[in-house]
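Scope of the values below: all heavy atoms of this structure, side chains included, with no hydrogens, waters or symmetry mates.
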Amino acid sequence: MKPSIPKGTRDFTPEQVAKRNYIFETIREVFIKYGYQPIETSAMENLATLTGKYGTEGDKLLFKVLNNGDFLAKADKEALAALDSAKAVKSLAKRGLRYDLTVPFARFVVMHRNDITFPFKRYQIQPVWRADRPQKGRYQEFYQCDVDVVGSNSLMYEAELVLIYDEVFTRLNIPVTIKYNNRKILEGIAEVAGISEQFVEMTTSIDKLDKIGMEGVRTDMENRGISTDAIDKIAGILSIGSIDEMRPLLSSSDAGRKGIEELEEMSQYLGTATAHNTVQFDCTLARGLSYYTGCIFEVTADNVKMGSIGGGGRYDDLTGTFGMKDVSGVGVSFGAERIYDVMQELDLFPKSDKSALKVLLIAYDKDSHHYAFSVTIKLREAGINADLYPTPTKIQKQMKYANARKVPFTIHIGGNEMERGKLTLKDMNTGVQSSLSLEEIINQLGDH
RNA sequence: GUGGGUAUAGCUCAGUUGGUUAGAGCGCUGGAUUGUGGUUCCAGAGGUCGCCGGUUCAACUCCGGUUACUCACCCCA
């Protein structure tokens, strides 16, 4: 059969894995430095845990895991006869693949509440699955790097998460803009415009601003049934750039005032820190229809045309659906796949790879091949990534292999080397060869 | 869910208004080369032209269907 992989999935070559690990490790190091602890959850969740958490659209994108055994015997015969897939699936699949890391985390918190000390700071770097139509920068299996803290209302954490964004992208050498807003400010805008009941329509529309422009948003809001009066008011407020100018316009709204208060407190915490990237207030930032209730964040790469490479915010009642009330959380996510694409485009990956092979040994005959193997063992004991070509075949062929492996050094061992007890070390970049003892070679390669 | 595009060698792709034995580059294998690679030269292996049907004397080529992949929209990371 012709080999293939499911749509929206990918294989990764050794080179790609090295680059991806570089991103994951950088993110992980920063998370740990800020006091976050790792958790992991199973790829599969009970379907009931997942359904209803992502809206009707999200439910359609859940991967279901078919029940084992004679699953048809226990299936909902009526639903099957009626060809009602949505109804029948409940009796066919009791498990599904996780859609994001936030809902499994909420479940985790509730289930382990007795073992957790709050505020609980956790990070999680794992793949998630969505049965979406794949396209550029969008896959059915992709990694999320989430960092959240639950069990505290302190706006210190909002500031901390901004600093985490700043540090990660500084370390990765990606210039970014970190935008923030507050859901309560958007609520305030809706209230002032007199369309509180159309809040969801308004935010969905505003979220598209950078894509379709203000005129596009106006017509989109019209199509969603928002009055032109309200649209004028909303457009007027959105054109404002600073929190100070916004304050008087939202003074009549409780939510609006609270939102501004929260942003100011976050700014105070941030005030003492120096960010390397642009951190700016953007009242047009809306972030879809998710569960966010307070501050929201979004990160975009400067100089590259790409969707957001990170986002997150405050959610007041994430664990509520699992029966644990009044637990506030705030968190952000890093889009590892898109970060990879950005770094690839800007050529930001480090050239040297510590995990790559350092030296390949080449033997000229059977005797020296055995000798070379013992040298290989000694090099490995000295902590040097070393490999020996499996047979003492034609040198040309062995050198070709060395090139393919992109190894920076080769060690040649034949009768001459064995007699003199000195090995021939070749620098593959310069072509320079030198006759050295094993100790000298270990010293030289160990330094690099 | 809606709408485009593509499908030919392991990979990237050519293939003339339909015409007889379907090509190139890269890669692979062997050789030129008895202790030295990235360059060069020679030779070789490798294809039911995605699948099914239709039109035609004749289909990789035209038409219909189908499947897969892909891009964009919706939504999202």
A:Gln135 near the nucleic acid: base, sugar-phosphate alone, or nothing, with a heavy-atom cut-off under 4.0 Å?
base
In a check of salt bridge (charged side-chain N to carboxylate O under 4.0 Å, His left out) between A:Glu337 and each of A:Arg20, A:Lys19, A:Arg138, which one passes?
A:Arg20
Pick base, sugar-phosphate or nothing for A:Lys208, based on heavy-atom distances below 4.0 Å to the nucleic acid.
sugar-phosphate
Side-chain donor or acceptor of A:Gln398 under 3.5 Å from a matching atom on the base of B:U36?
no
For the pair made of CZ in A:Arg138 and P in B:A72, what is the distance, rounded to whole Å?
9 Å
For atom P, what is the distance between B:G15 and B:A58, given to the nearest Å?
26 Å
Distance check needed: B:C76 P versus A:Leu61 CG, whole Å only.
10 Å
Check this for me, if you would: do A:Glu29 and A:Arg171 make a salt bridge, where the nitrogen-to-carboxylate-oxygen distance has to be below 4.0 angstrom?
yes
Which part of the nucleic acid, if any, lies within reach of A:Gly137 when heavy atoms closer than 4.0 Å are counted: base, sugar-phosphate only, or nothing?
base
Expressed as a whole number of angstroms, how long is the span from A:Met399:CE to B:G38:C1'?
9 Å
Donor/acceptor link under 3.5 angstrom from A:Glu417 side chain onto base of B:G35:
yes
Between A:Tyr157 and A:Asp148, a side-chain donor and acceptor under 3.5 Å
no
If only atom types and distance count, is the side chain of A:Arg130 paired as donor or acceptor with the main-chain N or O of A:Tyr139 below 3.5 Å?
no
Does A:Lys394 contact B:U33 through a side-chain donor or acceptor facing the base, at a distance under 3.5 Å?
no
Under 4.0 Å between any heavy atoms, over every strand shown, what does A:Lys426 touch: base, sugar-phosphate, or nothing? Just pick one.
base
Check every atom of B:G37, B:A77, B:U70 against the side chain of A:Gln144 and return the nucleotide holding the closest atom.
B:A77
How is A:Gly58 classified with respect to the nucleic acid when contacts are heavy atoms under 4.0 Å: base, sugar-phosphate, or nothing?
nothing
Taking the same atom, C1', in B:C26 and in B:G46, what whole-Å distance lies between them?
14 Å
Of A:Thr9 and A:Ile395, whose closest RNA chain B nucleotide lies nearer the 5' terminus?
A:Ile395
C1' gap between B:U55 and B:G64, integer Å:
11 Å
Does atom CD of A:Gln16 have more than 12 heavy-atom neighbours, drawn from other residues, nucleotides or ligands, at distances under 6.0 Å?
yes
Using a cut-off of 4.0 Å on non-hydrogen atoms, how would the nucleic acid contact of A:Asp100 be classed: base, sugar-phosphate, or nothing?
nothing
Using a heavy-atom cut-off of 4.0 Å across all strands, would you classify A:Gly431 as base, sugar-phosphate, or nothing?
base
Students often get this wrong, so: under 4.0 angstrom with heavy atoms, is A:Tyr143 touching a base, only sugar-phosphate, or nothing?
nothing
Could you give the CG-to-P distance, from A:Leu357 to B:G37, as a whole number of Å?
20 Å
When rounded to whole Å, the NZ to C1' distance for the pair A:Lys397 and B:C28 reads 10 Å
Heavy-atom nearest nucleotide on RNA chain B taken for A:Lys136 and for A:Phe142; more 5' hit belongs to A:Lys136
Is the cationic atom of A:Arg314 (NZ for Lys, CZ for Arg) positioned less than 6.0 Å from the six-membered ring centroid of A:Tyr292 and within 45 degrees of its normal?
no
Under a 3.5 Å distance rule, please check whether A:Ser437 uses its side chain to pair with a backbone N or O of A:Glu440 as donor and acceptor.
yes
Looking only at atom C1', what distance separates B:A14 and B:G30, rounded to whole Å?
28 Å
Gap between atoms CD1 and C1', on A:Ile206 and B:C75 respectively (whole Å)
18 Å
Here the distance between atom P of B:G35 and atom CG of A:Asp365, to the nearest Å, is 10 Å
P atom, B:A43 versus B:G23: distance in rounded Å?
16 Å
A:Lys400 NZ to B:A32 P, in whole Å, measures 14 Å
